[in-house]
Number of protein chains: 2
Amino acid sequence: MSSAPDVSDQRMPHRGSTRDRILVAYEDLLIESGERGATLDAVAARAGVSKGGLLYHFGSKDGLAGGFLKRLRDLAEVDVSVMRSAPAGVVDYFIRTSVNAGTELDRALIAAARLAQTSDPRASEILAAIRTLWLDVVIEAVGDPVAARAILLISDGLYYNSALMGMGAPDPADVSDEGLQKLIDMVERLSTIAHGDPDAG
Amino acid sequence: MSSAPDVSDQRMPHRGSTRDRILVAYEDLLIESGERGATLDAVAARAGVSKGGLLYHFGSKDGLAGGFLKRLRDLAEVDVSVMRSAPAGVVDYFIRTSVNAGTELDRALIAAARLAQTSDPRASEILAAIRTLWLDVVIEAVGDPVAARAILLISDGLYYNSALMGMGAPDPADVSDEGLQKLIDMVERLSTIAHGDPDAG
DNA sequence: TCTACTATACCGTCCAGTCGGTATAGTGAA
DNA sequence: TTCACTATACCGACTGGACGGTATAGTAGA
């Protein structure tokens, strides 16, 4: 085995580092061409490093996926804390950020979903853990757990459409500003009726 | 026999035919091991035929995907017509069938999503077309398009969780009978409030 | 000298697709 | 009834390329 500096890296090299460029290239390729397209050669070429250089930082393809997944977790934790103190409210922030806007987190989430589909259990686990984080915040914000769940599902649906499905067909779900606002209005009323009308079935 | 099969390939050589067995095996492997696991060898082995046998029926891996996608379209069209005349109503039927119950259509949808993730544009297209079919039926049923959209998104979310993500983590979204009933109640109220409060933005 | 690479070559495995062959059933003619 | 031939359905060895990973020699900067 070679002595790679990676393992469970304590140090954070500055942003534009080769390591970061490799991670971004991996992410890009995952999004654009799926897991099949994200070969070591392709990632290295995209990142502008040699294959050897890539493997210097991440000892294996699995290590590369691990490094990427760690980055996702970090990004998600930051996002959740931003969401908690969003000026327009948690629900507004949450729904709005459920459509792919090309943020770093969006990209990482999409890439992770690709990985999860190819039966990388770590990707599924992290994705599920992030969802749990979200659910907690939304329950806290809207009170009613059924409404919170519906909101999370709408978010999932939005995400699924705009991020996962969106590249093959035009506009599977309306994701315009106006469409989103209407949806947010409805969703916010949803948490109201949940309280106002406890039995209706 | 004749050189041209009738209108839309409707020659149905009884259910357990080799062709069908191959399609089912392909689907199974797509679901269980993702696109990577669904190799020609694996599919052939699963279907109990040789690779040559498989390739006799479907000229290439692409042809296999095509055959499978065609089957999905057929299943979806049947399902939509069943939904239109569901005794408990379109919304109830739609939400309930949004969680993976292991029906033929469920399995085909999951498998197709796997394919779509691996950038097979045909899979994305068909999935989007099916979603459009659903949206039309739900709009027709609930009247309000925003509510219909929310319902479709909840369905997408449910589907995404139970079918696509569900294998990595325990219970990402509560999909129990009770949980589903609560959600349906809420969703049906959702179409009511949409009418009751037209301006809120 | 150490770190952080580049460049190139190579190995073993996996995988899609090819190809020659086999088995069986049917068909028309002598 | 037998012969010649065709069509359909399938088998499995093999080929060629892609890919993950290893190895090694060399280089520029701190």
Side-chain angles (χ1 to χ4, degrees), chain A residues 1-7 9-26 28-30 32-68 114-115 118-120 122, chain B residues 1-5 9 11-26 28-30 32-69 114-115 118-120 122:
Chain A
M1 308 293 177
S2 61
S3 53
D6 153 68
V7 198
D9 64 322
Q10 313 292 17
R11 69 254 197 71
M12 196 63 166
H14 53 289
R15 283 274 129 188
S17 69
T18 301
R19 208 189 127 93
D20 274 9
R21 260 172 30 240
I22 292 170
L23 249 18
V24 168
Y26 180 52
D28 287 350
L29 283 165
L30 238 24
E32 283 166 30
S33 339
E35 204 265 349
R36 286 224 66 157
T39 65
L40 292 184
D41 283 307
V43 172
R46 179 87 165 219
V49 298
S50 66
K51 191 178 177 179
L54 193 165
L55 286 164
Y56 172 79
H57 287 284
F58 305 94
S60 66
K61 204 184 187 191
D62 217 58
L64 177 59
F68 157 69
R114 302 277 213 229
L115 232 40
T118 329
S119 46
D120 185 325
R122 293 171 304 170
Chain B
M1 290 295 173
S2 64
S3 54
D9 194 327
R11 66 234 195 81
M12 200 62 163
H14 62 290
R15 283 272 132 189
S17 71
T18 301
R19 211 188 126 94
D20 275 7
R21 261 169 33 237
I22 292 171
L23 249 18
V24 169
Y26 181 52
D28 287 351
L29 283 165
L30 238 24
E32 282 165 30
S33 338
E35 204 265 349
R36 285 266 328 228
T39 64
L40 292 184
D41 282 306
V43 172
R46 180 87 164 220
V49 297
S50 68
K51 190 194 236 184
L54 192 166
L55 286 164
Y56 170 78
H57 288 284
F58 305 93
S60 67
K61 206 184 186 191
D62 217 58
L64 177 59
F68 156 69
L69 255 15
R114 302 279 213 229
L115 231 41
T118 329
S119 45
D120 185 325
R122 293 170 303 172

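Here is how names work: the chains are called A, B, and so on, in the same order as the sequence lines, proteins then strands, and each is numbered from 1.
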Novice: Measure from NZ on B:Lys61 to C1' on C:dT18 and round the result to the nearest Å.
Specialist: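 After rounding, the gap between these two atoms is 17 Å.
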Novice: Where is the tightest heavy-atom contact between B:Phe68 and B:Leu23, given as atom of each residue plus distance?
Specialist: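 Looking at all heavy atoms of both residues, the shortest contact is N-CD1, 3.8 Å.
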Novice: Counting only side-chain N and O atoms of A:Ser60, is one of them less than 4.0 Å from OP1 or OP2 of D:dG20?
Specialist: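 So the side-chain polar atoms of A:Ser60 never come under 4.0 Å of the phosphate oxygens OP1 or OP2 of D:dG20.
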Novice: Roughly how many Å is it from CZ in B:Arg19 to C1' in D:dT8, rounded to a whole number?
Specialist: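 Interatomic distance, CZ of B:Arg19 to C1' of D:dT8: 15 Å.
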Novice: Expressed in angstrom and rounded to an integer, what is the separation of A:Tyr56 atom OH from D:dA23 atom C1'?
Specialist: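 Between C1' of D:dA23 and OH of A:Tyr56: 16 Å.
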Novice: Does the C:dA7 base have a donor-acceptor partner in the side chain of A:Lys51 within less than 3.5 Å?
Specialist: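 Side chain to base: no pair present.
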Novice: Using a cut-off of 4.0 Å on non-hydrogen atoms, how would the nucleic acid contact of A:Thr39 be classed: base, sugar-phosphate, or nothing?
Specialist: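 Sugar-phosphate, backbone atoms only, no base.
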Novice: At less than 4.0 Å, is any side-chain N or O atom of B:His57 found next to OP1 or OP2 of D:dC10? Yes or no.
Specialist: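 Yes.
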Novice: To the nearest 0.5 Å, tell me how far B:Lys61 NZ sits from B:Glu35 CD.
Specialist: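 Output value for this atom pair is 4.5 Å.
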Novice: Figure out the CG/P separation between B:Asp20 and D:dA9, and round it to whole Å.
Specialist: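 After rounding, the gap between these two atoms is 13 Å.
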Novice: Tell me the closest heavy-atom pair linking B:Ala42 and B:Gly37, and the distance in Å.
Specialist: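 For B:Ala42 and B:Gly37, the tightest heavy-atom pair comes out as CB-O, 3.5 Å.
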Novice: Nearest whole angstrom, please: distance from the P of D:dG20 to the CD of A:Glu35.
Specialist: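 For the pair A:Glu35 CD and D:dG20 P, the rounded distance is 8 Å.
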Novice: For the residue pair B:Leu54 and B:Val49, what are the closest heavy atoms and their distance?
Specialist: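 Residues B:Leu54 and B:Val49, closest heavy atoms: N-CG2, 4.1 Å.
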Novice: In whole Å, I'd like the distance from the CD1 atom of A:Ile22 to the P atom of C:dC5.
Specialist: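 Result: 7 Å.
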Novice: Rounded to the nearest Å, what distance is computed from the CZ atom of residue A:Arg21 to the C1' atom of nucleotide C:dA4?
Specialist: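 One finds 12 Å between C1' of C:dA4 and CZ of A:Arg21, rounded.
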Novice: Using 4.0 Å as the upper bound for N to carboxylate O, is an ion pair formed by A:Asp120 and B:Arg36?
Specialist: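 No salt bridge links B:Arg36 with A:Asp120.
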Novice: According to a strict under-4.0 Å criterion, is A:Thr18 in side-chain N/O contact with OP1 or OP2 of C:dC5?
Specialist: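 It does, given that an N or O in the side chain of A:Thr18 lies less than 4.0 Å from OP1 or OP2 of C:dC5.
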Novice: For A:Gly48, report the nucleic acid contact type (base, sugar-phosphate, nothing); a contact means any heavy atom under 4.0 Å.
Specialist: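 Sugar-phosphate only.
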Novice: Between A:Gly52 and A:Leu40, which has a closest nucleotide on DNA chain D that is more 5'?
Specialist: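 Counting from the 5' end, the first nearest nucleotide belongs to A:Leu40.
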Novice: Find the distance B:Leu54:CG to D:dG12:C1' and express it as a whole number of Å.
Specialist: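 My rounded result for the distance is 13 Å.
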